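To keep things clear, I will list the structure first and then write my remarks on it.
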Amino acid sequence: MSFNKHAVILVTGASQGIGFAVAEGFAKAGYRVVGVARNLPKTKPSFDAQVMDVTQPQSIENLFTYIQKTYQQLDVLINNAGFGIAGAIEETPVEEVKRLFAVNVMGLHHVTQVMLPLLKNTKGLIINIGSVAGDFTIPFQTFYSMTKSSVATYTEGLRQELKPFGVRVVNVKPGDTKSNFSHQRLRLVKPNSLYQARLERSLAVMEKDEKNGLPAVSVYQVCRRLVRQKNPPIHVTVGLQYKFLQLLKWLLPRKFVQWLLYQIYGK
Ligand SMILES: NC(=O)c1ccc[n+]([C@@H]2O[C@H](COP(=O)([O-])OP(=O)(O)OC[C@H]3O[C@@H](n4cnc5c(N)ncnc54)[C@H](OP(=O)(O)O)[C@@H]3O)[C@@H](O)[C@H]2O)c1
């Protein structure tokens, strides 16, 4: 089923970056959009902006009640809230790894779980924002890559479990995209560490690529297409150059791909 303009769309992580672009795009196209984050957007949004932290169970429950009372329905959930960590595996404190998974994986799961009764009523659509980094394990971003490969796995399992209810689930994988992601990234660079020089070089490459990445609206355009599709694909990569990279990954030997990633991000 594709959705009409009365459809209600919930976007997490909508205070800035990709989530803001996605929420704005749908709102300007006439959909009813609730966009949530821990902070309200800095510029006046066209959507219904609400405060919600994906790591706080009560906050998610409150939003469920709000949507039920205000809109009486939910058609599309876009799980977008997330952030990154850069650091050597050896030097990354377990607490920071937990914090990352709490947002990118557990937060996504919890929001999905709470919203599912509404999505089942409407035979809705769930779009999880994963990443190309979930397919390519990037050195010094391994934990981030792990969260995004988890999102891909979660999408596949959930999609099968929800099939009889008519709820579709898609993993959308952006590559480098212009947003506040670089600024929000937790940088675990230890002075005098044996990893320091490599890590700083790696971060400089990542940040340059993100600065020159695709506009955030490119993710909205993909989501917009998905909302109109009766039978959406399981995984969708954003941007031609990243689709091409993924094709190469399947064609080239794994060791060669590792060597290439090492040359770019690991040396
Ligand atoms: N930019 C890229 O190159 C890129 C590439 C691939 C995938 N992605 C993915 O795209 C998604 C959006 O990232 P972005 O690039 O737009 O980064 P961003 O500009 O830093 O935006 C991240 C959003 O997530 C929200 N957020 C963070 N922690 C949250 C929490 N605990 N509860 C609720 N909201 C929270 C932030 O709002 P508050 O701080 O106000 O809570 C913000 O609105 C992420 O999942 C990211 O992994 C980004």
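Each ligand, and each atom within it, is numbered from 1 in the order the structure gives. No experiment lies behind these values; they were computed from the predicted model shown.
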> Which residue supplies the protein heavy atom nearest to atom 3 (O) of ligand 1, what is that atom called, and how far is it?
Replying inline: T177 N, 2.9 Å

>> In this structure, does ligand 1 have an atom that sits under 4.0 Å from one of the heavy atoms of Y144?
In response: yes

> Who's closest to atom 5 (C) of ligand 1 heavy-atom-wise, of G35, G175, A21?
Replying inline: G175

>> If you measure every N or O of E210 against every N or O of ligand 1, does any of those distances drop under 3.5 Å?
In response: no

> Hey, which atoms in ligand 1 end up nearer than 4.0 Å to a heavy atom of S131?
Replying inline: 6 (C), 7 (C)

> If you count the atoms of ligand 1 from 1 in the order shown, which ones are under 4.0 Å from a heavy atom of S179?
Replying inline: 1 (N), 14 (P), 15 (O), 16 (O), 17 (O), 19 (O)

>> Within the 4.0 Å heavy-atom shell around Q184, which atoms of ligand 1 are there?
In response: 20 (O)

> Cationic tip of K267 within the cone over Y262's six-membered ring, i.e. under 6.0 Å and within 45° of the normal?
Replying inline: no

> Non-hydrogen atoms of A14 versus ligand 1: any pair closer than 4.0 Å?
Replying inline: yes

>> Are any of the N/O atoms on T55, whether in the backbone or the side chain, positioned under 3.5 angstrom from an N/O atom of ligand 1?
In response: no

>> Under a 4.0 angstrom heavy-atom cut-off, which atoms of ligand 1 come close to G17?
In response: 16 (O), 19 (O)

> So, Y242 versus D176: side-chain donor-acceptor pair below 3.5 Å or not?
Replying inline: yes

> With respect to T112, which candidate in V169, L77, L119 satisfies the side-chain contact (heavy atoms from CB on, under 4.5 Å) definition?
Replying inline: L77

> Out of N39, L40, V11, whose heavy atom sits nearest atom 38 (P) of ligand 1?
Replying inline: N39

> Hey, looking at atom 48 (C) of ligand 1, which of I60, V132, I18 has the closest heavy atom?
Replying inline: I18

